[in-house]
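Notes follow once the structure below has been shown.
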Amino acid sequence: MIKKIANRLFNEFNPNASSEEKKWINVFNEIEHRIDVLFESLVSWYTVNIFFQHLRVQNISENYVLYPLRHKAFIYESYMFIELNNLLDIKGDSSITGFVNHFYKDVSDKGKEFISIFQTNIDLNKLKNHFDLFMEWREKNSIEINHFKYMRDKNYSHVDHNFEYDNKVSFEYLIQAIVFLSDYTSILANIMKMMKIRIMDGEPVAIQKEVFLTTSIDVIRIRFKQEINALSKIYNFEKKSKENMVLNCWDSIEETLKNVKLIKLMTDNNNKN
């Protein structure tokens, strides 16, 4: 959808844009959109898992009414690992890794190609440093990133009779990794002075700059609690039991977030403070 509308805008405002220019601008907009969806999948997947943990304590987790929620949890998990693999695929033209790898050498040497596609007044030193940060993060997290592919293959392909579950990634790690990717692309868009395209009511809406470029623990906490509240309203539990369930889930969220170490990425706003 974003690619289709972006191409329409290109044809209206820059009919002479080359296919290569269209490609990389579309790739970046798609990456941002996909990471936004990935974050929401994380919220849904994590909270459903916490919800079921506490349902088991009350011995009602096997109720047939809850089967659809179990299936949704599997869908969320499958999507997360598929998309994490796609976004970090070193061979993928539409991955954040492919984007950084394609432009890294150019940006390190006057950025002629990058500037011709994006903006002329980009701080290339800042951009190169931001590219370096991603490459360092990817190398440091290579074992976990390989595990994303392992889980993608397990969830996406046919039954693997040799599959052995190996929990190399925890709730905490997935939160840290997905928030890093979200914040990284937000700051990258800011460095590039890139206009974002979002679809609202079927029409493209451009957002040039966000107020917050990085995600705080408080924002994550609020999203998790909102999702737990929404889940608790779906099923007909006794009122007191439901209140206890929500509070217990909130306690579990706090325990998880105590162990989450978000990577603090530098922004212009950080430098001003």
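As a basis for the values below, the full set of heavy atoms in this structure was taken, side chains included, without hydrogen atoms, waters or symmetry mates. Note that the numbering runs from 1 along the sequence shown for the chain.
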With Trp45, the ring pair (Phe, Tyr, Trp, His ring centres under 6.0 Å) member among Tyr79, Phe171, Tyr76, Phe52: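 Passing option: Phe171.
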Whether the side chain of [X] engages the backbone of [Y] through a donor-acceptor N/O pair (distance < 3.5 Å, no angle test) should be reported.
X	Y	value
Ser95	Gly92	yes
Ser142	Arg138	no
Thr97	Ile90	no
His54	Met245	no
Asp106	Lys112	yes

Ring centers of His71, Phe74 separated by less than 6.0 Å: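 Ring centroids of His71 and Phe74 are no less than 6.0 Å from each other.
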Given side chains that start at C-beta, do those of [X] and [Y] come closer than 4.5 Å, heavy atoms only?
X	Y	result
Phe224	Leu257	yes
Thr215	Phe180	no
Phe148	Val169	yes
Val260	Tyr173	no
Ile143	His147	no
Leu69	Val48	yes
Asn85	Phe81	no
Glu227	Tyr46	no

Could you grab the distance from atom [atom1] of [X] to atom [atom2] of [Y], nearest 0.5 Å is fine?
X	Y	atom1	atom2	answer
Asn129	Asp123	CG	CG	8.5 Å
Ile31	Trp24	CD1	CH2	8.0 Å
Asp218	Arg223	CG	CZ	14.5 Å
Trp137	Tyr184	CH2	OH	10.5 Å
Phe103	Phe28	CZ	CZ	10.5 Å
Arg34	Ser41	CZ	OG	12.0 Å

Residue pairs, two or more places apart or on separate chains, that pass salt bridge (Lys or Arg N to Asp or Glu O under 4.0 Å) and touch residues 243-254: Arg221-Glu254, Lys225-Glu254
Worked check of salt bridge (Lys or Arg N to Asp or Glu O under 4.0 Å) between Asp153 and Lys149: CA-CA 6 Å; Asp153 292 345; Lys149 183 180 185 304; 3.0 Å; yes
Val246 vs Leu231, side chain to side chain contact (heavy atoms under 4.5 Å, CB included): CA-CA, chis, key distance, verdict: CA-CA 9 Å; Val246 169; Leu231 279 172; over 6 Å; no
[Y] reachable from [X] in the ILVMFWY side-chain graph, under 4.5 Å edges:
X	Y	answer
Ile253	Leu247	yes
Ile234	Ile228	yes
Phe134	Ile263	yes
Ile96	Met135	yes
Val179	Ile217	yes

I need the minimum non-hydrogen distance between [X] and [Y], along with the two atoms involved.
X	Y	answer
Ile178	Leu42	CD1-CB, 3.8 Å
Asn259	Gln176	O-OE1, 3.5 Å
Leu262	Ser216	CD1-C, 4.2 Å
Asn86	Arg152	OD1-NH1, 4.2 Å

Check against side chain to side chain contact (heavy atoms under 4.5 Å, CB included), Phe51 and Thr47: CA-CA 6 Å; Phe51 194 66; Thr47 52; over 6 Å; no
Residue pair Thr214 / Asp183, side-chain donor-acceptor N/O under 3.5 Å: no
Leu84/Leu174 under side chain to side chain contact (heavy atoms under 4.5 Å, CB included): CA gap, chis, key distance, verdict: CA-CA 10 Å; Leu84 279 167; Leu174 281 168; 3.9 Å; yes
Glu172 vs Lys261, salt bridge (Lys or Arg N to Asp or Glu O under 4.0 Å): CA-CA, chis, key distance, verdict: CA-CA 8 Å; Glu172 292 85 353; Lys261 308 297 181 187; over 6 Å; no
Whether over 12 other heavy atoms sit under 6.0 Å from Lys242 NZ: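 It does: Lys242 NZ has more than 12 such atoms within range.
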Evaluation steps, side chain to side chain contact (heavy atoms under 4.5 Å, CB included), between Phe39 and Val43: CA-CA 6 Å; Phe39 180 83; Val43 170; 3.9 Å; yes
